[in-house]
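Contents: one structure, followed by commentary.
Whatever order the structure lists them in is the order used to number ligands and atoms, beginning at 1. FYI, side chains are in, hydrogens and waters are out, and symmetry mates aren't considered; it's all heavy atoms of this structure.
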Amino acid sequence: MIIAGNWKMHTDLVEGASLVAEVIERTESLALDADLVLCPPFTHLTVAATQLSGSSISLGAQHMHDAPEGAYTGEVSARMLLTSGCGYVILGHSERRTYFNESNTSVNGKVRSAISAGLTPIVCVGETLEDREAGRTEEVVGEQVRAGLSDADPGTADGLVLAYEPVWAIGTGRVATPDQADQVHGHLRKVIADMFGDAFAGRIRIQYGGSVKPENAGALMARPHIDGALVGGASLDASSFEAIVRAGLGINGG
Ligand code: PEP
């Protein structure tokens, strides 16, 4: 089980530090049973790394460039993230694909750079509403995985995380049903098995993302192919994030 909070471009440094502190207080003991990852903005990483250093909660970034260094104003490299305390990096988020023209090819370059630097990529895939209505969901997400992970060598299944995030469910309040999500996750596992073998496919963690809230998290994560959640909006509230982790672990109350 792996549950990550994607803060997107929210919180200033002071707000971010207090959110990290509250998340640690609420979820530290739960982090023994699930991998928890916080992905704040770049500006917060080193402060958050210090705060998280004595905890079992990991740090992740939301994006990176694929080059090791160079004249790429405004960008950061895998090594910069690693040396700022990150263990994970979200790649191919639909907002990056939509607003920053990321393609399966550019995602692939980043995935390979992240892995070779020692970061675990959380690779996001998902179909648009138009794709879903045209019956193209499996084709679209299958191609995103095949192209995005082409020639990647994550070593073990722990070195890679997939996130299925239907574009129509991100930030919309519209969530995939557990059946819809589990069906796509099962398909993704088959694609992964074709690429990396059955043992790897059996172990890789595939998160669901898209309007995950305390009320729907338990039913989603109870499904056999759903191994966690990538949480956007609800991760900005420590009590909601805690409730989602508890729901994923099947623990009630707080
Ligand atoms: C996300 O940012 O990956 C996400 C799923 O956002 P939200 O939970 O707000 O839909």
Side-chain angles (χ1 to χ4, degrees), residues 1-11 15-16 19-20 23 27 34-42 44-45 48 58-64 86 88-100 102 107 110-111 114 120-129 131-132 137 140-141 144-145 148 160-178 180-182 184-185 188 205-221 223 225-248:
M1 175 81 57
I2 176 163
I3 301 176
N6 173 17
W7 292 10
K8 312 193 188 193
M9 197 173 74
H10 291 293
T11 73
E15 292 161 347
L19 183 54
V20 170
V23 170
T27 64
D35 286 339
L36 303 184
V37 186
L38 299 185
C39 304
F42 287 145
H44 302 20
L45 291 175
S58 301
L59 187 64
Q62 301 173 17
H63 159 69
M64 57 169 250
C86 291
Y88 294 83
V89 60
I90 298 171
L91 295 176
H93 192 281
S94 76
E95 288 153 13
R96 300 288 323 172
R97 294 178 191 259
T98 304
Y99 305 133
F100 302 97
E102 291 199 5
V107 171
K110 291 164 200 262
V111 169
T120 299
I122 298 177
V123 181
C124 303
V125 300
E127 82 287 6
T128 61
L129 190 56
D131 293 328
R132 175 159 283 269
T137 298
V140 168
V141 298
Q144 287 171 330
V145 169
L160 180 68
V161 175
L162 273 190
Y164 168 55
E165 299 207 304
V167 177
W168 48 270
I170 298 178
T172 59
R174 210 177 144 185
V175 63
T177 65
Q180 283 175 322
D182 198 49
V184 178
H185 282 227
L188 292 174
R205 278 104 37 103
I206 309 179
Q207 300 175 308
Y208 168 79
S211 297
V212 173
K213 305 277 180 263
E215 306 77 60
N216 56 35
L220 285 161
M221 287 187 265
R223 290 302 169 120
H225 291 298
I226 303 181
D227 311 305
L230 181 53
V231 186
S235 70
L236 294 167
D237 179 85
S239 67
S240 295
F241 191 66
E242 175 192 359
I244 288 168
V245 175
R246 287 185 179 278

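- Backbone and side-chain nitrogen or oxygen atoms of Thr172 are examined, and none is located within less than 3.5 angstrom of a nitrogen or oxygen of ligand 1.
- Contact between Lys213 and ligand 1 is absent, with no heavy atom of the residue lying under 4.0 Å from the ligand.
- Annotation for Ile3 and Gly228: closest pair CG1-CA, 4.5 Å, computed over non-hydrogen atoms.
- Here Ile170 has heavy atoms under 4.0 Å from ligand 1 in both its backbone and its side chain.
- The line from CG of Asn216 to CD1 of Ile244 is 7.5 Å long, rounded to the nearest 0.5 Å.
- Not a single N or O atom of Leu230, backbone or side chain, sits closer than 3.5 Å to an N or O atom of ligand 1.
- What sits closest to atom 1 (C) of ligand 1 on the protein, heavy atoms only, is His93 NE2, 3.2 Å.
- Counting protein heavy atoms only, atom 2 (O) of ligand 1 is closest to Lys8 CE, 2.7 Å.
- Residue-ligand proximity, Asn6 to ligand 1, at heavy-atom distances under 4.0 Å covers atoms 1 (C), 2 (O), 3 (O).
- Ring geometry for His185 against Tyr164 counts as perpendicular: the plane angle is over 60°, on a 0 to 90° scale with 30° as the lower cut.
- Distances below 4.0 Å separate heavy atoms of Gly171 from the following atoms of ligand 1: 7 (P), 9 (O), 10 (O).
- Among protein heavy atoms, the minimum distance from atom 5 (C) of ligand 1 is reached at Glu165 OE2, 3.1 Å.
- Residue contact check: Gly210 has heavy atoms under 4.0 Å from atoms 5 (C), 10 (O) of ligand 1.
- In this structure the side chain of Gln144 reaches within 4.5 angstrom of the side chain of Val140, judged on heavy atoms.
- Proximity annotation for atom 9 (O) of ligand 1: of Gly126, Gly233, Ser211, Gly233 comes nearest, heavy atoms only.
- Of the residues Gln62, His63, Lys8, the one that meets the side-chain hydrogen bond (donor to acceptor under 3.5 Å, both in side chains) test with Glu95 is Lys8.
- Looking at atom 8 (O) of ligand 1, its nearest protein heavy atom turns out to be Gly232 N, 2.8 Å.
- Only the backbone of Ala169 comes within contact range of ligand 1, with a heavy atom under 4.0 Å; no side-chain atom does.
- The OG1 atom of Thr120 sits 7.5 Å away from the CD1 atom of Ile2 when rounded to the nearest 0.5 Å.
- To the nearest 0.5 angstrom, Cys39 atom SG is 12.5 Å from His44 atom NE2.
- Counting only heavy atoms from C-beta outward, the side chains of Tyr208 and Val184 never approach each other to under 4.5 Å.
- Here the straight-line distance linking atom CG of Leu19 with atom OG1 of Thr11 works out to 6.5 Å at 0.5 Å rounding.
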